Amino acid sequence: MKSAEPVTEKTDSNIRFSTVQCIDEDNNILEGESEKHSISAEVGASLIRFIKGKGGSTQRKIEEEMGVKIIFPSSKKDDSITIEGLSIESVNSASEKIQTIIDEAVKSPNLDYSHFISLPLAIHPELVNKLLNFQNSILGNSDGCPDENWDSDSNEDATDNEVGHRQLDKQPDVAVELKTDDDDNEHVKVNRSKIPLVNYAPKASKSSPLSADLGIDKSIFSKPKTFHLTVLMLKLWNKDRVSAAAEVLQSISSKVMDALDNRPVSIRLKGLDCMKGSLAKARVLYAPVEEIGSEDRLLCACQVITDAYVEAGLVLEKDANQKLKLHATVMNARHRKRVKWTRNADSFDARGIFKQFGSEEWGEYLIREAHLSQRYTFDENGYYHCCASIPFPENMLVD
C-alpha cells in the first residue's frame, strides 16, 4: 500500500514548508512517483473570503494557473490555509500571489478594523446613567428605563413583519361557515389571499418629537456600556498580530506613565458637536473632550502608544499620519440597522438634539487605563473584549 510521509520540513514565521514523497510498505521510495510539496500559512479568518473571491473565482484562477490546490480550514477558529503542488516553484508562486491579495485586502476599506486602543469611560456608572437619560429623552421613553433589548443586535420588528407577510401569502384555502337566508347553513371554500386587508390607525406612540421623521432610531446611539475614547484603530487579522499588539501595549506601560508624569489625568465632557456633515444631515455626534489642567499629558500618552504601534508595523500608513482628536461619540449613523439601504440612511437631523443638549454638562472623569479592545466582541461587563490593558496613575505620588 502506498502512503505519503513528510521527509523534510522547514518553519519560517507563519509559513511551514514540507515535501512529501510516496513510499511502499517496505519504506522504499517509489520510482517515478512525484513528490508533493505544501506550504501552510496563517492568514486570518477575515481574509479567507478575499483569497476565495466571489463564488470561488480567485481560488480557481490561482489553482488553474499555477497547478496547485488551496485547502481552507474546516473550522472558523482555524486561521491557516494549505497550498499543495507538485513543485516547490508552483507552491511558492501561489503563496506569493496570495500574499499580494492579502496586502491589497488589508489596505482596502473592504476589510474592516478588528481592534482598537480605547480609553474606557463606561467604568463610570454616573456617566452611563446620563447617557441612558439622554437616549431615553430623545427616543421618548417617558418611563426613563432603558429598553430591555437595548443591547440586542437584531431588528426584531422588521424581521417579524416580513415573515408575517410571507406566511400570509402561503396560507391554503380554508373552510368557513357563512350565514345565509336559507334555514340550512352552507360550507364554502374561501381563498384568504383575496380577502381585502383593513389597515387600522396605529396606537398613539410615545416617540419624542425629536426622533419623529428625523432619521433617529435606537441603533444609531452609542451603547452606554461601551462608551470610550478611541486612540488608534488597528487591523489585526490573525492571532499572531493580536499577540504582537498585546505585547506592544504592555511593553510601553512605563513610557505611558512617564508621559503622564506619573499623575492621574482626568477629562471633562461638555456639550455636543458634529463631526461629519451638517447638523441637518449629521453623521457623527460627539461630546468634545477637554483635559483638566490643559497640560496635554493625555495627548502625549496617546502619542507614545501610537508611535509604538507604528514602529511595530501594526498601523496602516494612512492611519499613522492622522492627527488624533479625542472625542466621545454619542450617535453614529453608520451603526444604523436597516432591512433596505436608502440614500438618507447615512445621516440624521441633529438640530433639535443640539438645541436641547448642545451645552450638556456630562461631567469630569478619571482615565484609569488603556485597553487593546476587540470590536464586535464583549466581556461580561458589556464592554469590548479586552485583549490587553495597562493602568494609568490613579493616585498622586508623594515624595
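Just so it is clear, the model here is predicted, and its values are computed rather than measured. Both backbone and side-chain heavy atoms feed into the values below; hydrogens, waters and symmetry mates do not.
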May I ask you to check if Lys52 and Phe72 form a cation-pi contact, with NZ or CZ under 6.0 angstrom from the six-membered ring centre and within 45° of the axis?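 Satisfied, under 6.0 Å and within 45°.
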Cationic tip of Lys225 above Tyr384 ring, under 6.0 Å, 45° of axis: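 Checked: cation-pi criterion not met.
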So does [Y] get a backbone contact from the side chain of [X], meaning a donor-acceptor N/O pair under 3.5 Å?
X      : Y      : value
Thr377 : Gln374 : no
Thr58  : Ile51  : no
Arg297 : Pro264 : yes

Taking all non-hydrogen atoms of both residues, which atom of Pro393 and which atom of Leu260 are closest, and how far apart?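 Distance-wise, the nearest heavy atoms are CD-CD1, 3.5 Å.
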May I ask you to say whether Arg263 pairs ionically with Glu295, meaning some side-chain N is under 4.0 Å from a carboxylate O?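 Yes, charged N to carboxylate O under 4.0 Å.
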Contacts of Glu364 that satisfy salt bridge (charged side-chain N to carboxylate O under 4.0 Å, His left out) - sequence neighbours left out: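 Result, salt bridge (charged side-chain N to carboxylate O under 4.0 Å, His left out) vs Glu364: Arg268.
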Any chance the side chains of [X] and [Y] put a donor and an acceptor closer than 3.5 Å?
X      : Y      : result
Ser90  : Ser93  : no
His228 : Thr226 : no
Ser222 : Tyr286 : no

Side-chain donor-acceptor pairs under 3.5 Å in residues 121-131, sequence neighbours left out?
| residue | atom | partner | partner atom | Å |
| --- | --- | --- | --- | --- |
| His124 | NE2 | Leu366 | O | 2.9 |
| Asn129 | ND2 | Pro125 | O | 3.4 |
| Lys130 | NZ | Glu361 | O | 3.4 |
| Lys130 | NZ | Trp362 | O | 3.1 |

Does Tyr376 form a side chain to side chain donor-acceptor pair (under 3.5 Å) with Asp112? I'd like the steps, not just the answer. CA-CA 11 Å; Tyr376 315 118; Asp112 206 354; 2.8 Å; yes
Pair listing, salt bridge (charged side-chain N to carboxylate O under 4.0 Å, His left out) test, anchored in residues 83-98, at least two apart: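 Residue pairs passing salt bridge (charged side-chain N to carboxylate O under 4.0 Å, His left out), neighbours aside: Lys36-Glu84.
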More than 12 heavy atoms of other residues, nucleotides or ligands under 6.0 Å from CD of Glu311: yes or no?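 No, the 6.0 Å shell around CD holds no more than 12 heavy atoms from other groups.
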